[in-house]
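What you see below is based on every heavy atom in this structure, not just the backbone, and it leaves out hydrogens, waters and symmetry mates. To find a chain, count down the sequence lines: A is the first, B the second, and so on, and within it residues start at 1.
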Number of protein chains: 2
Amino acid sequence: MAGRKHPGDGDTASRILDAAERLVQRRGFNGFSYADVAAELDITKASLHYHFAGKAELGEALIDRYANRFTEALSAIDSRRSDAPAKLAAYANLYTRALRDERMCLCGMLAAEYQTLPQQMQTAVIRFFDDNETWLRHVLEVGSDEGTLSVSGSPSNTARLVISSLEGAMLVARPYGDVARFQAAARQLIASLVARSPAPTA
Amino acid sequence: MAGRKHPGDGDTASRILDAAERLVQRRGFNGFSYADVAAELDITKASLHYHFAGKAELGEALIDRYANRFTEALSAIDSRRSDAPAKLAAYANLYTRALRDERMCLCGMLAAEYQTLPQQMQTAVIRFFDDNETWLRHVLEVGSDEGTLSVSGSPSNTARLVISSLEGAMLVARPYGDVARFQAAARQLIASLVARSPAPTA
DNA sequence: GTCTATAGGCAGATAGAC
DNA sequence: GTCTATCTGCCTATAGAC
């Protein structure tokens with residue numbers, strides 16, 4: 001528990017995951033190699049194979065850790081007892097943070113490369129989107145009940161539209177290197193879901 | 001002008017572009033090789049280099065042809081003299097057609113891989129999105145004037161949101177192999193832009 | 001756990017015959 | 001225009017010393 005030398009520290013497996021995650025989010029799973037990771041960590045390619053048998057196993061571990069962190073982040077949002085619009089804004093903010101570091105959402109990137117991924121990774125990508133949809137659907141349902149949101153489609157379809165729109169806004173904003181472009185899209189998307197008048201219970 | 005043997009025919013350069021386009025839309029620019037294209041056309045890799053000096057040149061030609069066809073499709077939509085909501089639906093339909101063939105939008109795919117692309121391709125990808133934004137902005141402005149659309153944000157930002165949402169909906173729908181998922185998102189997106197009552201001029 | 005060394009394959013690309 | 005043959009380089013992965 002003592003302080004680490006610097007933020008990037010941790011055991012070797014974690015540092016490999018850190019470097020690989022950044023590379024995949026920036027360049028894609030087919031756009032990085034073991035050599036890239038090894039160079040960043042100043043170890044050899046052979047050492048990587050001690051920690052992760054192959055690229056498929058590394059990729060799977062990448063998604064698992066990413067999905068777990070995302071789940072934690074969603075729990076943290078839930079624990080803040082804010083209203084539904086604020087939760088949606090906090091959700092969009094997760095994407096903003098990645099984009100600031102010039103990263104695409106890991107699973108958004110992998111969705112593009114889906115047809116070339118090993119089967120284990122494909123399954124994990126789907127699970128990520130399903131989990132996000134479930135969380136968002138719940139937020140939308142509560143917001144509708146509260147009267148803070150005005151959801152026109154089904155909660156499921158609306159949750160899917162939110163995920164899609166945010167992923168797409170990231171995808172398009174990145175070539176422009178323009179975080180503000182993403183934020184404008186996210187704000188407008190959320191605004192379209194916020195009820196125009198105060199809660200009807202008032 | 002005489003009939004061709006089968007739909008995929010044309011001169012060799014066109015057939016190379018056809019095969020490469022399909023491969024890139026399905027697997028990404030970093031997910032296909034000259035060998036893949038050569039195998040599909042039953043020619044050798046060396047022959048490909050006669051038509052396109054290198055992968056970068058092939059990639060650039062791919063985007064140029066794709067963008068030109070897209071421009072033609074947008075002109076065709078304009079020539080139909082329909083109202084703005086119908087134009088938006090027709091626009092979304094362009095994406096649906098690609099998805100039915102298990103393809104991502106070419107430039108959406110390349111947006112994901114943007115950081116690994118040769119510079120000439122990067123420029124062409126940006127141009128594609130800019131052109132789409134210009135066309136959509138015009139549709140949104142006309143629709144607002146007509147009273148058929150109710151655009152809350154600026155036409156520019158709304159155009160960007162439409163592109164982003166459709167690209168994202170494609171991106172996410174593809175892993176599920178579910179065209180209906182895309183269509184539901186597109187319908188809900190367009191519905192959120194359609195004015196609730198008839199034109200105020202009535 | 002990390003290394004050196006190397007296997008075996010595929011990548012994009014070129015030379016030169018036909 | 002298309003071929004065969006080949007090059008160089010990088011890829012993932014493994015064996016085995018330390």
Side-chain angles (χ1 to χ4, degrees), chain A residues 4-5 8-24 26-63 109-110 113 115-122, chain B residues 4-5 8-63 109-110 112-122 124:
Chain A
R4 287 174 180 149
K5 281 173 207 147
D9 260 21
D11 57 18
T12 304
S14 297
R15 293 174 61 221
I16 293 170
L17 289 171
D18 290 341
E21 186 179 80
R22 212 178 107 263
L23 283 163
V24 175
R26 289 189 180 175
R27 308 175 48 90
F29 191 71
N30 295 325
F32 91 104
S33 72
Y34 265 43
D36 296 324
V37 178
E40 259 187 65
L41 269 62
D42 256 303
I43 58 176
T44 61
K45 290 183 287 170
S47 294
L48 296 181
H49 284 281
Y50 171 81
H51 297 281
F52 301 96
K55 214 185 173 188
E57 288 77 12
L58 172 56
E60 208 188 346
L62 233 33
I63 307 175
M109 180 64 83
L110 296 176
E113 301 176 291
Q115 298 203 359
T116 70
L117 299 180
Q119 205 269 322
Q120 336 149 35
M121 289 183 68
Q122 293 185 334
Chain B
R4 287 171 181 150
K5 281 170 207 152
D9 260 21
D11 57 18
T12 306
S14 298
R15 293 174 62 222
I16 292 170
L17 288 171
D18 291 341
E21 185 179 81
R22 211 178 108 264
L23 284 162
V24 174
Q25 288 185 257
R26 288 188 180 174
R27 308 174 49 89
F29 191 72
N30 296 325
F32 90 105
S33 72
Y34 265 43
D36 296 324
V37 177
E40 261 187 65
L41 268 62
D42 257 303
I43 58 176
T44 60
K45 288 186 289 171
S47 294
L48 296 182
H49 285 280
Y50 171 80
H51 297 281
F52 301 96
K55 214 186 173 188
E57 288 78 12
L58 173 56
E60 207 188 346
L62 233 32
I63 307 175
M109 181 63 85
L110 296 177
E113 300 176 291
Y114 193 78
Q115 297 203 358
T116 70
L117 299 180
Q119 205 270 324
Q120 337 150 31
M121 290 182 68
Q122 292 186 335

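Summarising the geometry, the separation between CG on A:D42 and P on C:dG1 is reported as 19 Å, rounded to the nearest angstrom. A straight line from NE2 of A:H51 to P of D:dA13 spans 16 Å, rounded to a whole angstrom. Atom CG of A:L41 is separated from atom C1' of C:dG1 by 13 Å (rounded to the nearest Å). Rounded to whole Å, the distance from CG on B:L58 to P on C:dG12 is 10 Å. Counting to the nearest Å, the P atom of C:dC10 and the NZ atom of B:K55 are 16 Å from each other. If you measure from atom CZ of B:R15 to atom C1' of D:dT2, you get 13 Å, rounded to the nearest angstrom. Between the OH atom of A:Y50 and the P atom of C:dC3 there is a distance of 13 Å, rounded to whole Å. With rounding to whole Å, A:N30 atom CG is found 12 Å from C:dA11 atom P.
Neither OP1 nor OP2 of C:dG1 sits under 4.0 Å from any side-chain N or O of A:S47. One finds no side-chain N or O of B:H49 lying less than 4.0 angstrom from the OP1 or OP2 phosphate oxygen of C:dA15.
The shortest side-chain heavy-atom distance between B:R26 and B:F32 does not fall under the 4.5 Å cut-off.
Side-chain atoms of A:K45 lie closest to D:dA13 of the nucleotides D:dA13, D:dA5, D:dT2. The listed nucleotides are C:dC3, D:dT12, D:dT2; the one nearest the side chain of B:T12 is D:dT2. Nearest nucleotide to the B:A46 side chain, out of D:dT4, C:dG12, D:dT12: D:dT4.
Among the atoms of the strands shown, none is found under 4.0 Å from any heavy atom of A:F52. Note on A:S33: only backbone sugar-phosphate atoms sit closer than 4.0 angstrom, heavy atoms only; bases stay farther off. Residue contacts shown for B:Y34 are limited to sugar-phosphate atoms, with no base heavy atom under 4.0 Å away.
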Quiz prompt | Intermediate values then yes/no, side chain to side chain contact (heavy atoms under 4.5 Å, CB included), B:K55 and B:F29 | solution = CA-CA 9 Å; B:K55 214 186 173 188; B:F29 191 72; 3.8 Å; yes
Practice problem: Show your working on side chain to side chain contact (heavy atoms under 4.5 Å, CB included) between B:Y50 and B:T12 and close with a plain yes or no. | Solution: CA-CA 10 Å; B:Y50 171 80; B:T12 306; over 6 Å; no
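Between the CG atom of A:L58 and the CD1 atom of A:I16 there is a distance of 7.5 Å, given to the nearest 0.5 Å.
Across all their heavy atoms, B:Q120 and B:E60 have their closest contact at OE1-OE1, 2.6 Å.
Along DNA chain D, the nucleotide nearest to A:A35 and the one nearest to A:A53 differ in position, and the one closer to the 5' end is contacted by A:A35.
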